[in-house]
Amino acid sequence: MKLRSKILCLFVAISVLATGGITVYSALEQRSQHIQNELAGQRQLVRLLSNSLLGQYFAYINQQIISVLNTRSELREQSQILTHYLQNYAPTEEEIVKFLRGQQDSFNHVGKDLLLFKNDELLIAPRNSAVFKTVSIGGQTLLSSLRVSRLQTQDGYFLVLFADDHRQGNYLSFIRSLGPDSPYYVCLLQNIDELLAYYAADSRSILPQLTESFDVMKHNLSGTAAIVAAQDHRVILATGGDAMRTLPELNLRELFSTETLGQNVELISSEGVKYYACAAYFKPLDWYIVIYRDEMSVIAPALSQAGVSLVIGLGVLILAVLMAFLLSGRLTRTLNQISEKADELSAMDLSDPGAIAKVTSSLEGKGNDEAARVGRALALMGRSISDNLQKLIAANQQKDRLQGELKAASEIQDGMLPRSEELPQSPFFSCAAYLLPAKEVGGDLYDVTRLNEEEVAIMIGDVSDKGVPAALFMSTTLSLARCALGLKFSPRETMELINNRISERNPNMMFVTLFIMVLNERTGHYKACNAGHCFPVVIGRTGVQELSTVCGPAVGPISDVAYTEYEGELTVNETLLLYTDGVSEAQNDKREFFGVERILELCENRYGRPCEECLKDVVDAVTAFRGAYVQTDDITLVCCTRK
C-alpha cells in the first residue's frame, strides 16, 4: 500500500507539473505568435496604404499630364491651320500681319496669344505684357527662348517656362514656319497655370478618397490607422476616435526617425501603456502613415486561449488521477514481483551467464494483461543478457588475442629499426635516434646505415596512415631503401626506385614523406633528396638554418616521378636534426600546434652539444607543451653530428 501511495503521489505531481508547464508554454507561444502576426500585419498594412496613397497621387498627376498633352495637340492643329491659310491666301507681309492681328483677338478670348517673327524681328507681339517679364529657370525670357527655338527647328517645338515667383509664367508654345524658305514664323502661346493648378495634387484633392478608404478600414482593422502631418505631428485622418488623444502621448520622434521608418517600434504612453507601431513617410504631401495598437488588445486572444487550455488540462488531470488509482493496484503487484527477482539477481554470481536466464524465466506467465506482458519482457531480457554475456566473454578473449598479436607486431617493428646503441659511431661521426609511436605500431621510420668506411646513409620518413597498415607500408619502404642504398644508389635513384615499386601495388593511395642523405663523415660533403618531408635543421656555429629544398612529392601515389637531389657540406661540430610532423604538429588541450618555430628556438643554443642531449631537450619540450592531451601522431627524431 505504501508503494501504491508513492506511485499515486508521483503521478499526480508529474501530471500537475506537465499540465502547468504545457499551459504556460502554450500561453507564451500564443502570445509571441500573436505579437509577431500583429507586427507583420502592421508592416504590410503600412506598405498597402503607402501604395494606395501613391496611386491616388499619381492619378492626379496623370490628369495634369494628359491635359497638357491635349493642349499641346490643340496648339499644333491651330498653328497648322493658320500657316496653311497664310501659305495659300496671304502672299504679302501686309496681308499676313492683318490676318494674324484679327486672329489674335480671337485667341485672346480663349486664353491664348499669338506672335509673328520675321527672322529675328518681332512683327506681332503678344497682348499680355507679362509674357515679356516671365523668366525661366535658366535665366532666359520667353521672347529670347522663342528666338533661339526658331533658329534650332523649323516647326513643332514645345516650350515650358517657369516664372521666378512660381505664380504666373508656365507657358506652352508651338512655333511653325510658313515654308522651307520663308522668313516668317508663327508662334501660338498659351498660359497653363490655371490648368496645372486645377489638377495639382494636394491634401484637399487626396483626402476625400482617402477618407472613404479609412471608413471601410474601421470595420476590418484591429488596430488604428492614422495620417499625421510631418511638420507639427497633427493628426489629419484616423480610423479610431482615440487617435487624437493617444498619438500626442507617444514618442512620435522615435517612430518617425529615418532608422525606424518601415520597421516595428515599441512605444510607451505617458500612462505606461505599451503600443506596437509602424510608420511610413509620404514625401509628396509631407505626411506620415501610422499603424498602431496597444499590447493588451494584441495578446488578449492568447490569454483567453490559455484559460481554455488550463480548464481542459485540469479536467484531463482529474480523469488521469482516477485511472491511475484504479490501475496502480495491479501495477504494484507486478512491481513487487520484479523487486523480488531483482534481489535475487543482486546476490547472484554473474560469471555464470545461464543463472540469469534461470531466475528471470519464472517471470514468464500466460495471459494478455499488463503484468503478463511485463513478465514475458523481463524473461526475454534475462535470456538476452545471458546471450550478451557469453558474446562479451568471447569478445574479451578475442581482444586478448589481438592485443598479443599487436604486441608481437610492435616487437617486430622495433626489431626492424636500429636501436641507439646499434647506430654507427666513429671518431668523425656520432648520432642518436628516438621514436614514440602513437599506437602499438606506427608509420614512422628512420635508419642510419654505414655504406663504406667514409659514407653514412641517413633516412627518416612518415607514412600517411597509422596502425597496422602504416606499419606494413613502413616496413616495405625501409626494406627497399636499405636494398637500394646497399647497391650504392644515390639518394635520388633510391627515391625513384622506392616510388616506382610502391606505386605498382598501392590501391589505397597511401604515401610516405621521405628524406634520404648520404654523408661523407670525413669531408662533410653530402647529397640529399627530400620527398615532401619536414625540412632538416642544421645547428651551426653562427646559428640555425633549415635545408628547405624540396626535391619532389611524397612517395607512393604517382609512378614515374622524376626526383632531384641537392648537395652541401656539413662542417665540423655542426649537427643535423631530422624530425617527423608528429613533433611540429603536436597539440595541447587548446588545440595549438608545437610548430617549427619552437623547434628552431630549441636548437639555437645547442651547437656542440651531444646528440642525445639535443633529442632529450626536444622530447621534453614537446611533452611539456602537450601536457595531458593525447598523442595523435608518431614522434620520431634523428640527430647526427660531424665531429
Side-chain angles (χ1 to χ4, degrees), residues 413-414 416-420 422-424 429-438 441-451 455-466 470-471 473-482 484-485 489-492 494-495 498-499 502 510-519 526-539 546-556 563 565-566 568 570 575-586 594 596 599-600 603 611-612 614-615 618-619 622 633-642:
Q413 186 180 31
D414 290 341
M416 294 185 65
L417 300 175
R419 299 184 178 87
S420 294
E422 297 174 350
L423 297 176
F429 179 80
S430 65
C431 63
Y434 176 85
L435 186 145
L436 179 62
V441 290
D444 283 5
L445 61 99
Y446 73 89
D447 195 16
V448 182
T449 305
R450 180 169 294 282
L451 301 178
E455 291 184 328
V456 178
I458 306 167
M459 179 173 53
I460 190 169
D462 184 2
V463 182
S464 59
D465 203 352
K466 306 291 183 294
F473 208 77
M474 163 267 195
S475 63
T476 303
T477 304
L478 186 61
S479 299
L480 289 171
R482 286 175 175 173
L485 292 170
F489 280 29
S490 68
R492 176 187 63 79
T494 302
M495 201 72 74
I498 297 172
N499 180 68
I502 290 178
M510 295 178 63
F511 63 89
V512 55
T513 63
L514 194 61
F515 175 82
I516 301 175
M517 173 185 283
V518 175
L519 171 69
Y526 65 81
K527 292 182 179 180
C529 185
N530 190 338
H533 196 73
C534 303
F535 296 144
V537 179
V538 177
I539 305 172
E546 289 184 295
L547 301 180
S548 56
T549 302
V550 178
C551 304
V555 172
Y563 291 89
E565 63 183 16
Y566 59 94
L570 198 66
T575 299
L576 178 70
L577 178 65
L578 308 177
Y579 62 91
T580 60
D581 59 6
V583 179
S584 58
E585 295 180 4
F594 187 75
V596 178
I599 297 175
L600 298 177
C603 296
C611 294
E612 292 80 2
C614 290
L615 292 183
V618 176
V619 171
V622 172
D633 199 358
D634 304 333
I635 294 177
T636 303
L637 298 106
V638 176
C639 186
C640 303
T641 301
R642 182 182 170 227

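The side-chain contact (heavy atoms from CB on, under 4.5 Å) test applied to Thr636 returns Leu435, Asp444, Tyr446, Ile460, Thr580, not counting sequence neighbours. Contacts of Glu455 classified as side chain to side chain donor-acceptor pair (under 3.5 Å), with partners at least two apart in sequence or in another chain: Asn452. For Glu612, the side-chain contact (heavy atoms from CB on, under 4.5 Å) criterion is met by Ala432, Pro610, not counting sequence neighbours. When the side-chain contact (heavy atoms from CB on, under 4.5 Å) test is applied to Ala528, the partners found at least two apart in sequence or on another chain are Phe515, Met517, Tyr526, Tyr566. Not counting sequence neighbours, the partners of Thr513 by the side chain to side chain donor-acceptor pair (under 3.5 Å) test are His533. Shown here are the ring-ring contact (aromatic ring centres under 6.0 Å, His included) partners of Tyr434, two or more places apart in sequence or in another chain: there are none. With sequence neighbours left out, the side chain to side chain donor-acceptor pair (under 3.5 Å) criterion links Arg492 to Glu496. Residues passing the side chain to side chain donor-acceptor pair (under 3.5 Å) test with Asp447, sequence neighbours excluded: Thr449, Arg482.
Nearest heavy atom pair, residue Leu577 against residue Cys639, reads CD1-CB, 4.3 Å. The heavy-atom pair separating Ala433 from Leu615 by the smallest distance is N-CD1, 3.6 Å. Between Asn499 and Val555 the shortest heavy-atom distance is CA-CG1, 3.4 Å. Across Cys640 and Cys431, no two heavy atoms sit closer than the pair SG-CB, 3.7 Å. Here the closest non-hydrogen pair linking Ile635 and Gly582 is CG1-O, 3.6 Å. The shortest non-hydrogen separation linking Tyr563 to Cys529 is CB-SG, 4.0 Å.
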Before giving the answer on side chain to side chain contact (heavy atoms under 4.5 Å, CB included), spell out for Leu576 and Leu547 the whole-Å C-alpha distance, their side-chain angles and the decisive distance to 0.1 Å.
-> CA-CA 10 Å; Leu576 178 70; Leu547 301 180; 4.3 Å; yes
Report the C-alpha separation of Leu480 and Ile502 in whole Å, then their side-chain angles, then the decisive distance to 0.1 Å, and conclude whether the side chain to side chain contact (heavy atoms under 4.5 Å, CB included) test is met.
-> CA-CA 9 Å; Leu480 289 171; Ile502 290 178; 4.0 Å; yes
Verdict with supporting geometry, Leu445 and Met459, side chain to side chain contact (heavy atoms under 4.5 Å, CB included) | CA-CA 8 Å; Leu445 61 99; Met459 179 173 53; 4.3 Å; yes
List the steps and the verdict of side chain to side chain contact (heavy atoms under 4.5 Å, CB included) for Glu565 and Ser490.
-> CA-CA 9 Å; Glu565 63 183 16; Ser490 68; 3.8 Å; yes
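A distance of 6.0 Å separates CG of Leu451 from CG of Leu485, quoted to the nearest 0.5 Å. The OG atom of Ser584 lies 10.5 Å from the CG atom of Leu600; values are rounded to the nearest 0.5 Å. To the nearest 0.5 angstrom, Phe535 atom CZ is 12.5 Å from Ile599 atom CD1. Between the CG atom in Asn530 and the OG1 atom in Thr549 there is a gap of 8.5 Å [rounded to 0.5 Å].
Between the side chain of Ser464 and the backbone N or O of Met510 there is no donor-acceptor pair closer than 3.5 Å. No donor-acceptor distance shorter than 3.5 angstrom exists from the side chain of Tyr579 to the backbone of Pro536, with no hydrogens or angles considered. Under a 3.5 Å cut-off, the side chain of Arg450 and the backbone N or O of Pro424 do not form any donor-acceptor pair.
Within the 4.5 Å cutoff, the side chain of Val619 has no heavy atoms near those of the Leu436 side chain.
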